[in-house]
Amino acid sequence: MLSRWSEGHRDEGRLSGPIVLSIETSCDETAASVLDGSRLLSSCISSQTLIHRRFGGVVPEVASRNHLSKVEPLVTEALEKAHVKVQQIDCVAATRGPGLLTSLLVGYSFGKGLAIGLNRPFIGVNHIEAHLLSPFFRTEYRPERSIGLVVSGGHTLLVLVDGVGKYQVLGGTVDDAAGEAFDKVAKLLGLPYPGGPQIDALAPKGDPGRYDLPRPMVGRQDFNFSFSGIKTAVRYLLPKLEGDYVADVAASFQEAVVDVLVRKTIAAAAELGVGLITVSGGVSCNSRLRQKIGEAVERAGKRVLLAQPALTTDNAAMIGYVAIHRFRENPGTDLALDADPNLTLGNTDVLTASLAMRENNRPKRSVI
Ligand code: KG4
Ligand code: ZN
């Protein structure tokens, strides 16, 4: 019932370190990875997608039980694939939040226990930060001034990045996350969970201009998003349709979401005079988003870094990448910190003057 993906890398040369073992269990993927400095030695993922599919979404209790049985074998597999012995680890990292508490606790406690047993530092990593920085991983670039679009099942954020740990959240969704909207619309169309990849695969067979769906909040001055209105428009459209309309609805819905994401991101980069855009999180795997942001960035004379497809959905390599930066800067330990299901990226109160002005125009939270 579990699907697995794993990548191993054997280098005949010596390890240069630091060696970081990282663990991710914030939602329904159990993942473990080993990094040697910024070299990825292994990345193993055990996905519970097929288990949760019959419920139409992630069931927290089921997810945590599965993490419990998977985390230890997966850590062993990641170490074996990396040809690293457990005593060679310099630091253990695990996702601290945000996510499902009972799922987070499995990887976080396992990581802490291992770090204590090995007498090594433990680093708790913010899952959103890991997505945000993932486009820089395995590239020649270090995290630098950029506008980061993070689009996943739980989050949709536009962030001004000024280097590792220096983030200003410019805006976010006021209702559904982009991935959540993909999953809900897929459900309305009778497609299995998770719906994002299903819609992505179906959309090229449909006409993206067939149904004129709304582009909420594109004309606004702020950098917030709203996706539940597009989902509701699909819900009211469906009973009126006859024949074989699923691919056309999938294509039109995807086009609307991608259009909003691209326009808001380009607007943020233009407004703040930032030349580099990054896109990360599960939805950044979407082929239409990757294509359209590429075209828009070129037209705007900017650059874009897209997370590598294997690093878009939840994985432990991105957790290890953040931990490497933290460990190099300050090899302290987070043993005293608890997992936090509501962890935020922080720094939202460090908005620049112009952004603070925009803040006054932000809409009140609305859920349709
Ligand atoms: O980053 P992620 O694995 O988990 C969270 O941190 O939430 O993102 C999962 C989300 C799901 O909503 C899934 O439907 C969406 O990413 N997703 C996609 C694609 N692949 C995954 N959405 C659109 N197109 C895709 N190709
Ligand atoms: Zn994620």
Side-chain angles (χ1 to χ4, degrees), residues 3 5 22-31 33 43 45-49 52-53 56-58 60 63 94-100 103-104 107 125-135 148-157 172-173 176-189 191-204 208 227-228 230-231 250-251 253-262 279-293 306-319 321-322 341-345:
S3 68
W5 178 85
S22 53
I23 302 167
E24 152 67 36
T25 62
S26 67
C27 190
D28 61 343
E29 259 97 32
T30 319
S33 174
S43 178
I45 303 173
S46 172
S47 171
Q48 304 173 16
T49 297
H52 297 283
R53 182 165 282 177
V58 179
T95 306
R96 184 173 165 228
L100 302 169
S103 288
L104 287 167
V125 173
N126 184 315
H127 184 88
I128 306 174
E129 181 180 17
H131 275 307
L132 179 65
L133 298 190
S134 65
L149 172 68
V150 182
V151 267
S152 72
H155 311 281
T156 302
L157 284 180
T173 180
D176 292 349
E180 193 181 351
F182 267 98
D183 294 341
K184 287 177 176 173
V185 166
K187 207 171 184 177
L188 291 174
L189 292 172
L191 301 170
Y193 171 86
Q198 306 281 337
I199 290 183
D200 192 357
L202 201 59
F227 296 108
S228 76
I230 311 181
K231 171 197 69 192
F253 164 77
Q254 178 177 271
E255 201 65 14
V257 173
V258 166
D259 195 23
V260 172
L261 290 172
V262 169
V279 191
S280 60
V283 180
S284 74
C285 202
N286 184 271
S287 28
R288 188 71 175 143
L289 174 60
R290 294 175 88 86
Q291 180 198 348
K292 286 203 81 172
I293 192 90
L306 304 171
Q308 293 176 16
L311 295 176
T312 53
T313 45
D314 289 347
N315 64 87
M318 66 181 188
I319 303 299
Y321 182 62
V322 172
N342 301 313
L343 197 64
T344 60
L345 206 52

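Both ligands and their constituent atoms are indexed starting at 1 by order of listing.
Contact check on Glu255 versus Lys292 returns a salt bridge, with a Lys/Arg side-chain nitrogen under 4.0 Å from an Asp/Glu carboxylate oxygen.
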Derivation of the side chain to side chain contact (heavy atoms under 4.5 Å, CB included) call for Leu289 and Val257: CA-CA 9 Å; Leu289 174 60; Val257 173; over 6 Å; no
Stepwise ring pair (Phe, Tyr, Trp, His ring centres under 6.0 Å) test for Phe227 and Phe182: CA-CA 9 Å; Phe227 296 108; Phe182 267 98; 8.6 Å; no
Output, in order, the C-alpha distance, side-chain angles, deciding distance and verdict of side chain to side chain contact (heavy atoms under 4.5 Å, CB included) for Gln48 and Thr30. CA-CA 8 Å; Gln48 304 173 16; Thr30 319; 3.9 Å; yes
Derivation of the side chain to side chain contact (heavy atoms under 4.5 Å, CB included) call for Gln254 and Asp200: CA-CA 8 Å; Gln254 178 177 271; Asp200 192 357; 4.0 Å; yes
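Against a heavy-atom cut-off of under 4.0 Å, Thr312 is close to the following atoms of ligand 1: 1 (O). Each of the following atoms of ligand 1 lies closer than 4.0 Å to a heavy atom of His131: 1 (O), 6 (O). Near Gly179, meaning under 4.0 Å from any of its heavy atoms, are these atoms of ligand 1: 12 (O). If you number the atoms of ligand 1 from 1 as listed, the ones under 4.0 Å from a heavy atom of His127 come out as 6 (O).
Nearest to atom 9 (C) of ligand 1 by heavy atom, out of Ser287, Ala307, Gly153, is Gly153. Nearest-residue assignment for atom 21 (C) of ligand 1 (options Gly196, Gly282, Ala186, Pro98; heavy-atom criterion): Gly282.
Among all protein heavy atoms, the one lying closest to atom 2 (P) of ligand 1 is Asp314 OD1, 3.4 Å. Given atom 26 (N) of ligand 1, the protein heavy atom at minimum distance is Asp200 OD2, 2.8 Å. Among protein heavy atoms, atom 24 (N) of ligand 1 sits closest to Asn286 ND2, 3.1 Å. Asp183 OD1, 2.6 Å is the protein heavy atom nearest to atom 14 (O) of ligand 1.
Inclusion of His131 in the first shell of the Zn ion (ligand 2) is supported: an N, O or S atom falls under 2.8 Å. Residue His127: an N/O/S atom is found under 2.8 Å from the Zn ion (ligand 2).
The shortest heavy-atom contact between Leu100 and Cys27 is CD1-CA, 4.2 Å.
For the residue pair Ser228 and Asp176, no side-chain donor N or O sits within less than 3.5 Å of a side-chain acceptor on the partner.
Each of Asp183, Val58, Asp28, Ile199 was scored for a side-chain contact (heavy atoms from CB on, under 4.5 Å) with Pro194, with one residue passing: Asp183.
Close N/O approach between Gly154 and ligand 1 is found [any backbone or side-chain N/O within under 3.5 Å]. Polar contact check, Thr313 against ligand 1: no nitrogen or oxygen pair lies under 3.5 Å apart.
Proximity of Gln254 to ligand 1 is not established, as no heavy-atom distance is less than 4.0 Å. At least one heavy atom of Cys285 sits less than 4.0 Å from an atom of ligand 1.
Side chains of Leu345 and Glu129 form a contact here, defined as non-hydrogen atoms less than 4.5 Å apart.
Using the six-membered ring where Trp is involved, His127 and His155 have ring planes that are tilted, between 30° and 60° apart.
For Glu29, there are no salt bridge (charged side-chain N to carboxylate O under 4.0 Å, His left out) partners, not counting sequence neighbours.
Asp314 contributes atom OD1 as its closest N/O/S atom to the Zn ion (ligand 2).
With a 4.0 Å heavy-atom cut-off, ligand 1 is reached by no atom of His155.
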